[in-house]
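These notes concern the structure reproduced below.
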Amino acid sequence: QKEVEQDPGPLSVPEGAIVSLNCTYSNSAFQYFMWYRQYSRKGPELLMYTYSSGNKEDGRFTAQVDKSSKYISLFIRDSQPSDSATYLCAMSDQAGTALIFGKGTTLSVSS
Amino acid sequence: GAVVSQHPSWVICKSGTSVKIECRSLDFQATTMFWYRQFPKQSLMLMATSNEGSKATYEQGVEKDKFLINHASLTLSTLTVTSAHPEDSSFYICSARDVSRDLNSPLHFGNGTRLTVT
């Protein structure tokens with residue numbers, strides 16, 4: 001079993017839809033959780049960063065962490081065509097260490 | 001702030017040659033940089049951890065003699081792919097953390113280098 005599982009999609013939604021992206025993980029020691037957005041042929045761009053469990057909201061984006069279920073989510077409200085990208089979840093067990101990434105979910109938002 | 005620059009953004013080389021990729025933190029210092037590799041439709045896989053002034057730490061299965069890492073300053077790490085082969089063709093991405101911020105601060109990524117070995 002891989003440490004981080006993420007459905008690669010693709011996920012296609014109409015503009016304005018609410019998007020839910022998810023990852024599961026097996027290492028209970030993970031406590032730093034991030035979501036990155038990656039456009040084609042570009043490096044990952046940090047979207048959300050959460051420590052331990054709970055919710056965090058930033059504009060149209062909400063990140064949720066459920067450590068008891070080893071499950072994290074990213075919600076995108078009022079999705080826009082410009083949100084079309086690959087979304088990668090990433091996590092680590094210690095501050096300052098390298099991140100373990102999910103495979104990424106490809107999202108396409110149509111206008 | 002927190003810009004990580006990679007150069008070149010893409011490179012095509014012949015099999016058997018060596019290629020050097022640079023990773024620079026433009027507006028911050030980084031004692032540690034991480035090198036990742038990403039194959040098409042795959043996740044970012046950590047190759048090695050680059051520490052300023054010391055030897056890099058390589059992940060299992062990554063040949064240290066093939067992927068030479070030099071972290072000579074707090075703003076520059078280089079990855080040299082030696083005797084490249086077509087199977088080394090991939091997207092190489094570096095990341096760094098601002099040393100002036102606490103360890104909880106997230107990593108910042110470069111825009112990657114697409115290597116094609118013919």
Side-chain angles (χ1 to χ4, degrees), chain A residues 1-11 21 23-25 27 30-52 54 56 58 61 63 65 74 85-108, chain B residues 1-11 21 23-25 30-51 56-60 62 90-116:
Chain A
Q1 181 187 11
K2 292 186 177 180
E3 280 199 288
V4 180
E5 298 277 2
Q6 185 177 8
D7 186 342
L11 179 62
L21 304 167
C23 288
T24 59
Y25 60 94
N27 187 347
F30 285 148
Q31 50 184 338
Y32 299 93
F33 304 94
M34 290 138 215
W35 285 95
Y36 285 84
R37 177 173 60 193
Q38 185 178 27
Y39 293 108
S40 180
R41 300 178 181 270
K42 296 289 186 182
E45 169 195 10
L46 179 68
L47 279 179
M48 299 289 283
Y49 171 62
T50 308
Y51 170 69
S52 194
K56 186 173 184 178
D58 184 1
F61 299 91
V65 175
L74 176 70
T86 296
Y87 290 81
L88 298 147
C89 63
M91 49 198 80
S92 68
D93 56 350
Q94 299 179 36
T97 59
L99 297 174
I100 307 299
F101 281 86
K103 188 175 286 190
T105 299
T106 299
L107 170 67
S108 176
Chain B
V3 175
V4 176
S5 174
Q6 258 184 265
H7 178 81
S9 56
W10 62 271
V11 57
I21 301 170
C23 178
R24 294 181 184 272
S25 54
T31 53
T32 301
M33 292 185 177
F34 302 97
W35 286 95
Y36 288 84
R37 179 168 53 183
Q38 186 179 33
F39 291 105
K41 300 191 183 299
Q42 297 295 315
S43 180
L44 278 76
M45 298 301 295
L46 179 67
M47 297 177 65
T49 301
S50 167
N51 299 297
T57 303
Y58 290 82
E59 294 300 299
Q60 190 174 11
V62 178
S90 187
F91 194 48
Y92 292 85
I93 309 174
C94 71
S95 66
R97 178 175 287 105
D98 189 339
V99 69
S100 68
R101 302 186 64 185
D102 62 58
L103 289 178
N104 293 331
S105 62
L107 290 175
H108 298 279
F109 285 81
N111 264 330
T113 297
R114 182 160 302 282
L115 170 63
T116 302

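All heavy atoms count here, side chains included; hydrogens, waters and symmetry mates do not.
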- Query: Are Y36(A) and L107(B) close enough, and set up right, to give a side-chain contact (heavy atoms from CB on, under 4.5 Å), and what steps lead you there?
  - Reply: CA-CA 10 Å; Y36(A) 285 84; L107(B) 290 175; 3.8 Å; yes

- Item | R24(B): salt bridge (Lys or Arg N to Asp or Glu O under 4.0 Å) partners, not counting sequence neighbours |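 Residues passing salt bridge (Lys or Arg N to Asp or Glu O under 4.0 Å) with R24(B): E22(B).
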
- Side chain, backbone, both or neither of Q6(B) within contact of chain A (heavy atoms, under 4.5 Å):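 Looking at Q6(B), nothing touches chain A.
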
- Is it the side chain or the backbone of I93(B) that comes within 4.5 Å of chain A heavy atoms, both, or neither?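 Side chain of I93(B) only, per the 4.5 Å heavy-atom cut-off to chain A.
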
Measure [X] against the heavy atoms of chain B and call it side chain, backbone, both or neither at under 4.5 Å.
{"X": "L88(A)", "answer": "side chain"}
{"X": "Q38(A)", "answer": "side chain"}
{"X": "P44(A)", "answer": "both"}

- Without swapping roles, check the side chain of T105(A) against the backbone of D7(A) for a donor-acceptor pair under 3.5 Å.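 Looks like yes, one N/O pair under 3.5 Å.
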
- Whether T113(B) side chain and P8(B) backbone form a donor-acceptor pair below 3.5 Å: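 Yes, the answer is positive, given that a donor and an acceptor are paired below the 3.5 Å cut-off.
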
- Task: For each of T106(A), L99(A), T86(A), tally heavy-atom pairs with chain B at distances under 4.5 Å, and name the one with the top tally.
- Result: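 Ranked by heavy-atom pairs under 4.5 Å with chain B, first place is L99(A).
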
- Smallest separation among heavy atoms of S43(B) and K103(A), with atom names: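 Here S43(B) and K103(A) meet closest at CB-CA, 3.5 Å.
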
